[in-house]
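Residue numbers begin at 1 in each chain, while the letters A, B, ... track the order of the sequences.
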There are 2 protein chains.
Amino acid sequence: MKLDTADRDILRLLQTNSQLTMKELSEQVNLSITPIHERIRKLEKSGHIDRYVALLNRKKMGKALLVYCNVTLDKQRRESFEEFNEAVKRMPEVMECCVVSGNFDYLLKVVAEDMEDYNNFYQQNLSVLQSVQHISSFFVMSEIKSTTQLPV
Amino acid sequence: MKLDTADRDILRLLQTNSQLTMKELSEQVNLSITPIHERIRKLEKSGHIDRYVALLNRKKMGKALLVYCNVTLDKQRRESFEEFNEAVKRMPEVMECCVVSGNFDYLLKVVAEDMEDYNNFYQQNLSVLQSVQHISSFFVMSEIKSTTQLPV
DNA sequence: GTTGAAACCGGTTGTCT
DNA sequence: AGACAACCGGTTTCAAC
């Protein structure tokens, strides 16, 4: 499915505020309500729009500490990767996890209340995994930018 | 403001789907519509709920390449940090940017269409900044987990 | 915090251009 | 494919418990 300018405009707007009314969207996109409605329906069905969510304020939710960590797995064990992937999916503290090129295997983004909370997570959840060989943590001192908006 | 179990339930639900109706929420939280409504209003006003957004599918949007990069700044120049921060905020390709502990200064999460697109960004936008001394890029080979849901 | 009612919007659908 | 209008469902507000 190919997107035109109007589709892109709609996506750009919904990425910043999903509660805009059809009327507000129609004014900003220069289309009447009917086509706006139809286009959104198609964008949802095609999967361009994945879901609608509420974004919470991390600090207000008591997760003041943000940590990125590099994890190296024990590559001798063939099951290591599957094991680690599944474990990470079940950890609510881990918000992002991916396999990266370079000299470590995984990059994780982890939230915690404070250093003590992170230490508990580290000791009790992360380092206990059989598949984990090495972990190094990078603590976020200042968050310059954090957005869910993809360039459209 | 202190959150009770009902507030947490509401936040947990809205983080996965912000389009649940008051009726659906009231059924899952075991409260009637009136208090659900009132609690959401308070959570919005207190800032626990930051905003409502549509999340798009990165690959469907043609951003197949995901890259994390470590950036080291030229620390001789005092304006470096402010300059770099402001530049990054203006780059739509950069979805996350933070100052981290360790042997580099910044960690960036960048999306691009493909390697060529990333190379253009790298050469024309990132490496040209006066403040930048060194960049190393880590390419994401597999995304295991990516969520906006904070643990509640 | 609950229920019920009423008013108001906005989403949804059908028809016409 | 887009505009218009009527309908319907959900949100919002209120009063009484």
How long is the line joining [atom1] of [X] and [atom2] of [N], in whole Å?
X	N	atom1	atom2	value
M22(B)	dT13(D)	CE	P	10 Å
I33(B)	dT2(C)	CD1	C1'	11 Å
E44(A)	dT12(C)	CD	P	8 Å
L20(A)	dC9(C)	CG	P	18 Å

side-chain hydrogen bond (donor to acceptor under 3.5 Å, both in side chains) between N85(A) and Y106(A), worked out: CA-CA 10 Å; N85(A) 292 352; Y106(A) 284 86; 2.6 Å; yes
Looking for any heavy atom pair under 4.0 Å, which part of the strands does [X] touch: base, sugar-phosphate only, or nothing?
X	value
R41(B)	nothing
L31(B)	sugar-phosphate
S32(A)	base

Do the side-chain N or O atoms of [X] get closer than 4.0 angstrom to the phosphate oxygens (OP1, OP2) of [N]?
X	N	value
H37(A)	dG11(C)	no
K23(B)	dT12(D)	no
R39(A)	dA1(D)	no

Side chain of T34(A) - closest among dG11(C), dC4(D), dT11(D): dC4(D)
Options dG2(D), dT2(C), dG11(C), nucleotide nearest the side-chain atoms of T21(A): dG11(C)
Does the ring centre of Y52(B) sit less than 6.0 Å away from the ring centre of Y52(A)? no
Should L20(B) and V53(B) be regarded as members of a common hydrophobic cluster, given that ILVMFWY residues are connected when their side-chain heavy atoms come within less than 4.5 Å of each other, either directly or indirectly? no
Output yes when E93(A) and K63(A) qualify as a salt bridge under the 4.0 Å nitrogen-oxygen rule, no when they do not. no
